[in-house]
Amino acid sequence: MLKETAEKALLLGQPKTREGHVATYIPELGKVDPSGLGICIFTKDGEKIRVGDTDTRFSIQSISKIISLAIALEAYGKNKVFENVGMEPSGDAFNSLLKLENADGTPYNPLINAGALVISSYMVQMYTFEEVLENVRRLCMDPDIVLDIKVCHSEMSNLSRNRAIAYLLESKGVLHADVEKTLNFYVKMCSLSVTAESLANLGLVLAGGGIHPVTGERLLKEETVRIVKTIMLTCGMYDGSGEFAVRVGIPSKSGVGGGIISVVDGELGIGIYGPSLDEKGNSIAGIAMLEYISKEMGFHMFGQRKN
Ligand code: DON
């Protein structure tokens, strides 16, 4: 049933890819084929569903923000992490500067660029990029995740907006490390190359409250995972989070590389690749596929399961 639903979702999603556009503000991402589409669903019972382009490597982009948040929570604890980052949806675009100047400079949440930069400033004090990369590979159960140097250079050379955000944060006293070092770490995290499969694996770890689905090993604390999933639900799709929660009702996080990770709590992880984006920077076909699957399977967190 789940496999057929995923196959139908792919067919439904394919024409949608023509309605969006790949991200071009990071020129390297603009070279990607917009028609790519794939979905991976890994369940707690070991079922592995792969439909479409599930082994294409693509840029993780903003999905790395949930990994950085999880690692920072493990290292610093929630009180420290949320000293200078809020827990509220911003209602603005992911790269907005609007609300930073109005308030005390504390970003609304860890999943917008400003919030992720504050989290990155914690991370660079504690870890090298290589150490974090090792952790990402472990969480995604994918030893082949690497830094895509071309994407990294491409974003580093087109970084005016994030630079502006980071320097504004520094001026407000909420950045905890050197600005350029923080930006460098943030961009490297966004430039990791993953597959829909790596995201489904991570989704399954989150669905299981932080436990590795095969070995039973605890990879993340329960509290960390609870916080990450809650913020994914309220802020994971940026200024599209509210509508997405109503229509799909599955905690998710998107990236401008075309990825979406989704978590059906206690049950399964979903990884999607579909680089054609809507105007909010979310995978246009990815959202359509998730909406279909959620409806057909009853995956909405406030809905009735159908099996
Ligand atoms: O900072 C940026 O703009 C990108 N590296 C990440 C943005 C992103 O993925 C937003 N997602 N939908």
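Read the numbers this way: they start at 1 and go in the same order the structure lists the ligands and their atoms.
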Chemist: Mind jotting down which protein residues get a heavy-atom contact under 4.0 Å with ligand 1? Chain and number order, please.
Modeler: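 Residues within 4.0 Å of ligand 1: Y25, Q61, S62, F94, N113, E155, N162, Y186, C190, Y238, S254, G255, V256, G281.
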
Chemist: Any salt bridge between K3 and E47, counting N to O under 4.0 Å?
Modeler: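 Not counted as a salt bridge, because no side-chain N and carboxylate O are separated by less than 4.0 Å.
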
Chemist: Quick test of your reading of the model: are E4 and K8 salt-bridged, counting only N-O distances below 4.0 Å?
Modeler: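 No, this pair does not count.
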
Chemist: Taking the six-membered ring of Y122 as reference, does the cationic atom of K80 (NZ for Lys, CZ for Arg) lie under 6.0 Å from its centre and within 45° of its axis?
Modeler: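 No, K80 does not sit over the ring of Y122.
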
Chemist: Are the side chain of S294 and the backbone of H300 linked by a donor-acceptor contact shorter than 3.5 Å?
Modeler: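 Between the backbone of H300 and the side chain of S294 there is a qualifying donor-acceptor contact (under 3.5 Å).
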
Chemist: Kindly indicate whether the side chain of I60, heavy atoms from C-beta on, has any atom under 4.5 Å from the side chain of I67.
Modeler: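 Answer yes - side chains close enough.
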
Chemist: Tell me whether R138 is salt-bridged to E217, with the criterion being a basic N under 4.0 Å from an acidic carboxylate O.
Modeler: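 Here R138 pairs with E217 in a salt bridge, since their nearest N and O are under 4.0 Å apart.
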
